[in-house]
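Structure record follows, encoded as structure tokens.
In what follows, chains are A, B, ... by sequence order, proteins preceding strands, each numbered from 1.
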Amino acid sequence: QQQVKQSPQSLIVQKGGISIINCAYENTAFDYFPWYQQFPGKGPALLIAIRPDVSEKKEGRFTISFNKSAKQFSLHIMDSQPGDSATYFCAASMSTGFQKLVFGTGTRLLVSP
Amino acid sequence: DTAVSQTPKYLVTQMGNDKSIKCEQNLGHDTMYWYKQDSKKFLKIMFSYNNKELIINETVPNRFSPKSPDKAHLNLHINSLELGDSAVYFCASSHWAGGGTGELFFGEGSRLTVL
């Protein structure tokens, strides 16, 4: 129930294309869904986050789509660039009590020039 | 100025040894964490401290002992190192924003290799 399933494990996209990474969760008490981006040799950093009261959130070329009934959310990277090549983690948590952020298994994205 | 800094960046040691990793944050955050990232990139929380108090303690062998001398520091001591302890250990910090919703700021990681 605490798991967040992420797919695909790896993804190769051409420059200018759309990268799509999907995540699914089971715990309906989750109400906070961030995405973290990790470059090689660095720690993860928050990219964008969404709460379940909206179905979509956009920040520049990055969009989270959220489907509460399906318990799924996804990250779309429009006009993907080589500089977007990194590992992306979805995550989920609850906003009450002492809760941990549960991370997905990660997706290695490579954007080819 | 580095926000979350951890030292050392690399540790190479023999099985059975004891090692420590130090972490400091200058962001004024009240919550700090240790995460373990294995060779497959899985990120797993180990411990979390809020205002120097342990609030999350995942199923981690008791060979791992965190210590938070103050809100800005969280150290990790590992006794009797095993091959399976080889991983990258990340320190992180956040403001307490309710549950697990505070933005996490990660250090650059400490790569531990046990031979």
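A salt bridge is absent between B:K19 and B:D85: the closest approach of a Lys/Arg side-chain nitrogen to an acidic carboxylate oxygen does not fall below 4.0 angstrom. Ion pairing between B:K22 and B:E24 fails under the 4.0 Å rule for side-chain N and carboxylate O. Taking the charged nitrogens against the carboxylate oxygens, B:K9 and B:E108 do have a contact shorter than 4.0 Å, which makes a salt bridge.
Contacts with chain B were tallied for A:G104, A:G106, A:P44; A:P44 has the most, counting heavy-atom pairs under 4.5 Å.
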Report task. I would like to know whether B:E58 and B:M46 meet side chain to side chain contact (heavy atoms under 4.5 Å, CB included); could you show each step before the answer? Result -> CA-CA 5 Å; B:E58 286 294 282; B:M46 300 173 70; 5.6 Å; no

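Neither the backbone nor the side chain of A:F33 comes within contact range of chain B; no heavy atoms are under 4.5 Å apart. When heavy atoms are compared at a cutoff of 4.5 Å, B:F105 does not approach chain A at all. In this structure, chain A has heavy atoms under 4.5 Å from both the backbone and the side chain of B:L104. Using a 4.5 Å cut-off between heavy atoms, A:Q38 touches chain B through its side chain atoms alone. Heavy atoms of B:K44 lying under 4.5 Å from chain A are absent altogether. Proximity to chain A (any heavy atom under 4.5 Å) is shown, for B:L43, by both the backbone and the side chain.
For the atom pair CD1 (A:I21) and OG (A:S74), the distance works out to 9.5 Å, reported to the nearest 0.5 Å.
Checking B:H77 against B:S65 by side-chain atom types alone, no donor-acceptor pair falls below 3.5 Å.
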